[in-house]
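Take a look at the structure below.
Computed over heavy atoms, backbone and side chain alike; hydrogens, waters and symmetry mates excluded. So you know, we letter chains A, B, ... as the sequences are listed, proteins then strands, and number each from 1.
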Amino acid sequence: MSIRTRFAPSPTGMLHIGGARTALFSWLHARHHGGQFLLRIEDTDRERSTEEATRVILDGLQWLGLDWDEDVVFQSRNREAHVAAVEKLLAEGKAYRCWCSKEELDAMRAEQRAAGRKPMYDGRCRHRDAGPLDAPHVIRFRSPDAGQTVVRDMVLGDVVFDNRELDDLILMRSDGSPTYNLAVVVDDAAMGITHVIRGADHLNNTPRQMQLYEALGLPMPSFAHIPLIHGPDGAKMSKRHGAVAVTEYREAGYLPDAMVNYLARLGWSHGDQEVFSRQELIELFDVRDVGKTAARFDQDKLDWLNAHYLRAASPEALADDVRARLAALGVTDTESGPDLVRAIALLQERSRNLAELASGARFFYAAPDEYDDKAVRKHLKASAWPLVEDFAREAAALEDWTAEAIHVLISGLCERHGVKMGRLAQPIRILVSGGPVSPPIDATLALLGREETLRRIRRGIEALKPAV
RNA sequence: GCUCCCAUCGUCUAGUGGUCCAGGACGCCGCCCUCUCACGGCGGAAACAGGGGUUCGACUCCCCUUGGGAGUACCA
């Protein structure tokens, strides 16, 4: 039988890092075994579900390259199957109607809590006289009150639950809508899901769901509960920790391959290897190798991986993205200036993300409108100007405007003046880029072009050289 | 409170009774390379939560404590 996994988010918010990793593991498991990875939107809570959230989730998965098979399933459209399942249980005496009011339930729980027990429904409506069918009531599952339910988890191993800890959960609300635990079971079975891979926050639901599979006579899938991702301080990931939505990482200039690699290594490992291509991930991934401990999100390591993938990328492949980012920085024309692909090639190994790359490329297309104060004070002292002016004069007469020729010119000039290269390179860098940091000066000037280089130097002299 | 899960360097992890005075990676520190920033190279500091067992021998098995986390809804 072919392996089928699924990702089943509720469309009530963004696709966050934790959900993305769960989806990734589910996807990897399916792809590794040549099975299918399906997507189901759990929109039974009509109040909180939005179409916008659904779009964002699909968008995020696509960006990460987690492609799904078959049509997306919307849980709300399976209402009939959910109702049918409940009616079947009702007919077989495995479910019953409950007319308990909210007040009655609250009082019961308060009492239990006060007695130091776990608040749970005591099944009082199991034996109570039936109320009027047209009065609001819910339908509850008649759960076994003895024995144990053992979850054979692919990550955690056997987890034993005493059936007495599991109360009669509501299958259908008083408005006739199915609840989560019922809907999940019916839908997973209908979709032919063989492996349920989800966050560890669902572990406590699993024994209840297993009981439902049994009661409904449905084939039991295998389960794997993935430890949650925590923020750097060990607490649950939240906005407080910065970015949590995958779209935020896209905007910040992270590459999907880096994100996938990072997420995979969070909780999963293969010996000492850190960098994995998608293909390697698919070949090597095994849920059973996922660790049991919750991992903390480490921005530094993500940055390192992203820088790694950025360096490895072809400049051409980054061009469209960088162009869009430059436009956002006010650079609308990258055609008449230096070749963008060459600029990217110079910057990609010195940037951690595409946002940094774009801002580092900006000066190639826009002359500095101001100069870094600190850098000016440090590198453009009075003694620097003669050197700069010599350079400008000789650069104008340089035969070939190539990085090599520029390098020879600068080093020759420095030698004649008896100074290190930095004494000339830094002043030029500031005049040309506005600050003390740029790609190597020879390559920078070569790409910028002779005319533009000399124009900026002249402008800089006018703006910064003290009048004598 | 109750139920369940977890516990190796700051972080992600390797380790499945002896090969571990615990390995890799990120980060950090130092040195080298160097026109800046990066990259790269070399080196360094840094961990088995605590206590009991089991065993000839425990990071590895069991129990307890402590510490984290999840669940405890007519949310999913």
Side-chain angles (χ1 to χ4, degrees), chain A residues 8-12 42-45 47-49 75 98 100 102 105 109 112-120 136-140 151 153 155-157 159-162 164-167 169-175 177 179-181 183-184 199-207 225 227-228 230 232 234-236 262 265-275 291-305 307-308 311 347-352 356 360 375 379 407 410-411 414 420-430 433 435-442 444:
Chain A
S10 57
T12 53
E42 311 231 305
D43 56 348
T44 47
D45 184 356
E47 293 290 294
R48 299 193 301 150
S49 299
Q75 189 158 63
C98 164
C100 289
K102 180 160 186 343
L105 294 175
R109 292 194 188 103
Q112 291 165 332
R113 195 177 278 274
R117 295 202 321 268
K118 175 178 173 173
M120 49 191 276
H137 63 280
V138 300
I139 297 174
R140 289 183 182 271
V151 179
D153 194 274
V155 169
L156 300 170
V159 182
V160 181
F161 291 86
D162 200 313
R164 278 170 305 194
E165 296 295 333
L166 278 12
D167 63 359
L169 84 204
I170 293 175
L171 301 175
M172 190 160 286
R173 302 185 185 95
S174 51
D175 66 358
S177 66
T179 57
Y180 168 74
N181 281 298
V184 178
D201 49 342
H202 286 288
L203 181 59
N204 290 295
N205 287 324
T206 305
H225 290 91
L228 269 19
H230 291 161
K236 195 174 172 177
Y262 177 70
R265 274 294 283 104
L266 213 53
W268 175 83
S269 65
H270 181 75
D272 287 341
Q273 192 172 340
E274 294 289 350
V275 178
K292 300 177 178 183
T293 37
R296 296 185 190 207
F297 190 83
D298 182 8
Q299 184 71 39
D300 284 334
K301 185 141 183 196
L302 205 212
D303 282 342
W304 171 74
L305 265 172
H308 172 88
R311 253 177 272 136
L347 285 156
Q348 66 187 140
E349 79 166 41
R350 30 183 56 79
S351 309
R352 283 181 303 183
E356 272 184 20
H379 299 289
H407 184 85
I410 293 178
S411 58
C414 288
K420 293 219 190 187
M421 244 180 93
R423 293 290 289 277
L424 178 53
Q426 283 305 79
I428 298 174
R429 196 182 322 267
I430 293 163
S433 76
V437 175
S438 87
I441 197 65
D442 46 8
T444 297

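One P atom belongs to B:C62, the other to B:G30, and the distance between them is 44 Å to the nearest Å. Taking the P atoms as reference points, B:U60 lies 13 Å from B:U19, given to the whole Å. Rounded to whole Å, the P atom of B:U11 lies 30 Å from the corresponding atom of B:G53. Annotation: B:C26 and B:G40 have their P atoms spaced 8 Å apart (nearest Å). Between the C1' atoms of B:G52 and B:G69, the separation comes to 26 Å (whole Å). Nucleotides B:A14 and B:C74 have their C1' atoms positioned 47 Å apart, rounded to a whole Å. With both ends at atom P, the span from B:A46 to B:G41 equals 24 Å, rounded to whole Å.
Look at B:A25: its Watson-Crick or wobble partner, with both distances under 3.5 angstrom, is B:U11. With a cut-off of 3.5 Å on both pairing distances, the Watson-Crick or G-U wobble partner of B:G18 is B:C56. The nucleotide B:G30 finds its pairing partner in B:C42, both defining distances of the Watson-Crick or G-U wobble pair being shorter than 3.5 Å. Under the Watson-Crick and G-U wobble criteria, each requiring two contacts below 3.5 Å, nucleotide B:U36 is left unpaired. In a base pair of the Watson-Crick type (N1 to N3 plus N6-O4 or O6-N4) or a G-U wobble (N1-O2 and O6-N3), with each distance short of 3.5 Å, B:G71 is matched with B:C2. Base pairing of B:A76: no nucleotide in any strand meets the Watson-Crick or G-U wobble criterion (both distances under 3.5 Å). With both pairing distances under 3.5 Å, B:C48 is matched to nothing as a Watson-Crick or G-U wobble pair.
Checking B:A7, B:C35, B:G1 against the side-chain heavy atoms of A:Ala425 singles out B:C35 as nearest. When distances are taken from the side chain of A:Asp201 to each of B:A70, B:U8, B:A38, the shortest belongs to B:A70. With B:A76, B:C37, B:G1 as the candidates, the nucleotide lying closest to the side chain of A:Pro119 is B:G1.
OP1 or OP2 of B:C6 has at least one side-chain nitrogen or oxygen of A:Lys292 nearer than 4.0 Å. Here A:Thr44 reaches the OP1 or OP2 of B:A76: one of its side-chain N or O atoms lies under 4.0 Å away. Listed pair A:Ser269 / B:A14 meets the phosphate criterion, a side-chain N or O lying under 4.0 Å from OP1 or OP2. The phosphate of B:A73 has OP1 or OP2 within less than 4.0 Å of a side-chain N or O from A:Arg109. Residue A:Arg311 places at least one side-chain N or O under 4.0 Å from the OP1 or OP2 atom of B:G40.
Between the side chains of A:Asp175 and A:Ser177, a donor-acceptor pair is found at a separation under 3.5 Å. Looking at A:Arg429 and A:Gln426, their side chains do bring a donor and an acceptor atom within 3.5 Å of each other.
Put simply, CG on A:Asp162 is 22 Å from P on B:G71, counting in whole angstrom units. At whole-Å resolution of the value, CZ in A:Arg296 and P in B:C12 are 6 Å apart. Distance A:Glu349 CD to B:G40 C1': 9 Å, rounded to the nearest Å. Taking atom CG on A:Asn204 and atom P on B:G71, their separation rounds to 8 Å, with Å as the unit. At whole-Å resolution of the value, CE in A:Met421 and C1' in B:U34 are 10 Å apart. If you take CD of A:Glu165 and C1' of B:C5, they are 15 Å apart, rounded to a whole angstrom. Distance, A:His202 NE2 to B:G71 C1': 11 Å, rounded to whole Å.
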B/S/- contact track for nucleotides 22-31 of chain B, protein heavy atom under 4.0 Å: -BBBBS----
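Remark: the A:Asn205 side chain and the B:A76 base include a donor-acceptor N/O pair separated by less than 3.5 Å. If you check distances only, the side chain of A:Arg429 does reach the base of B:C35 with a donor-acceptor pair under 3.5 Å. Judged by distance alone, with hydrogens and angles left aside, A:Thr179 brings no side-chain donor or acceptor close enough to the base of B:C74 to form a pair under 3.5 Å.
Applying the ring-ring contact (aromatic ring centres under 6.0 Å, His included) criterion to A:His308, with sequence neighbours excluded, gives no partner residue.
Summary of the strand contacts: A:Pro440 and A:Val160 both lie near RNA chain B, and taking for each the nucleotide with the nearest heavy atom, the more 5' one is attributed to A:Val160.
Of the possible polar contacts, none joining the A:Ser10 side chain to the A:Glu42 backbone as a donor-acceptor pair under 3.5 Å is found.
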